[in-house]
Amino acid sequence: MPQHLDADPSNDLPLTAAPDTWLPGFTTEGLASYNALPVTIDEVRRSRSVASMQKADAEAWSSVKRSTADAVNYHWIPGSKVVGAVHFGSGSFQGTNTAHGAGTSSVTAGNIHGTCAECVVVLVTYGGNDREAASNWVMKQDWIDVVTNSFGFSQVERERFYSGSDTEL
């Protein structure tokens, strides 16, 4: 998710700078850690496969620290519209290309196919039973305008709504 691809410089974002220096309402207050995640961005040229970039960046991806309800470890990807990468729960952070929610959110943010040159993305993943901590943290961020989720479907009903949360709407 590099800078959007229109010719209007007035809606360019300072994507090489840390989000707390330019994103309205964003603050690092209360974060356990706040770090840049230096991964390969090659969307425009597409000269490398996603698999080769993930392999080359394996050390960077493995540096993403697990977050908990009490300690949120926040990462951002310089030069991209991914201004946040937060992982709650067990397992490794699966990042940008392996999750359905990340793909649909990035299209919505308007790089190539969407309609919002100024939109940015915060990827929040979870593993195990930490979905409540992840959802609760996101809902407390006043600077996040839209939340989309890809939970799968209920074990009881087929409407494809997530039904395992007690988080208030």
Side-chain angles (χ1 to χ4, degrees), residues 1-4 11-41 43 50 53-54 56-111 114 116-152 162 164-169:
M1 293 194 63
Q3 189 75 255
H4 59 283
N11 59 16
D12 286 355
L13 301 171
L15 298 177
T16 57
D20 65 308
T21 64
W22 61 271
L23 189 59
F26 179 83
T27 178
T28 61
E29 186 176 324
L31 297 177
S33 66
Y34 180 68
N35 300 297
L37 187 60
V39 296
T40 304
I41 298 174
E43 181 64 27
V50 170
M53 287 188 287
Q54 287 176 330
D57 297 331
E59 186 176 336
W61 287 119
S62 68
S63 74
V64 175
K65 296 179 184 177
R66 177 181 182 259
S67 292
T68 65
D70 299 324
V72 174
N73 295 295
Y74 193 97
H75 306 269
W76 57 279
I77 301 176
S80 82
K81 291 176 92 177
V82 179
V83 298
V86 183
H87 176 63
F88 288 82
S90 59
S92 62
F93 178 73
Q94 292 297 312
T96 58
N97 291 314
T98 58
H100 168 75
T104 58
S105 296
S106 64
V107 169
T108 303
N111 271 27
C116 185
E118 296 88 4
C119 290
V120 293
V121 173
V122 178
L123 301 172
V124 180
T125 63
Y126 66 86
N129 295 321
D130 288 324
R131 63 181 162 256
E132 294 300 329
S135 294
N136 288 338
W137 178 79
V138 169
M139 296 305 289
K140 291 177 185 173
Q141 305 312 305
D142 293 338
W143 57 274
I144 295 178
D145 296 322
V146 176
V147 177
T148 65
N149 298 297
S150 180
F151 292 122
Y162 174 67
S165 178
D166 61 1
T167 303
E168 293 181 21
L169 274 177

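D20 is not listed as a side-chain neighbour of W22, based on a closest heavy-atom distance of 4.5 Å or more. Residues Y34 and T27 fail the side-chain proximity criterion, which asks for heavy atoms closer than 4.5 Å.
Scanning all heavy atoms of the two residues, the minimum distance from I77 to S80 falls at O-OG, 2.8 Å. Of all heavy-atom pairs between A60 and P38, the closest is CB-O, 3.8 Å. When all heavy atoms of F88 and T68 are compared, the pair lying nearest together is CE2-O, 3.6 Å. When all heavy atoms are compared, the tightest approach of W76 to L15 is CZ3-O, 4.4 Å. Closest non-hydrogen pair, K65 versus S33, comes out as CD-OG, 4.2 Å.
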Does V122 form a side-chain contact (heavy atoms from CB on, under 4.5 Å) with Y74? I'd like the steps, not just the answer.
CA-CA 10 Å; V122 178; Y74 193 97; 3.8 Å; yes
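The closest donor-acceptor contact from the side chain of H75 to the backbone of W61 lies at 3.5 Å or more, if one exists at all. A donor-acceptor distance shorter than 3.5 angstrom exists from the side chain of N73 to the backbone of R66, with no hydrogens or angles considered. A donor-acceptor pair under 3.5 Å is absent between the side-chain atoms of T16 and the main chain of P78, judged by distance alone.
If you take OG1 on T21 and CZ on F26, they are separated by 10.0 Å, rounding to the nearest 0.5 Å. Separating the CE atom in M139 from the CD1 atom in I144 is a distance of 9.5 Å, to the nearest 0.5 Å.
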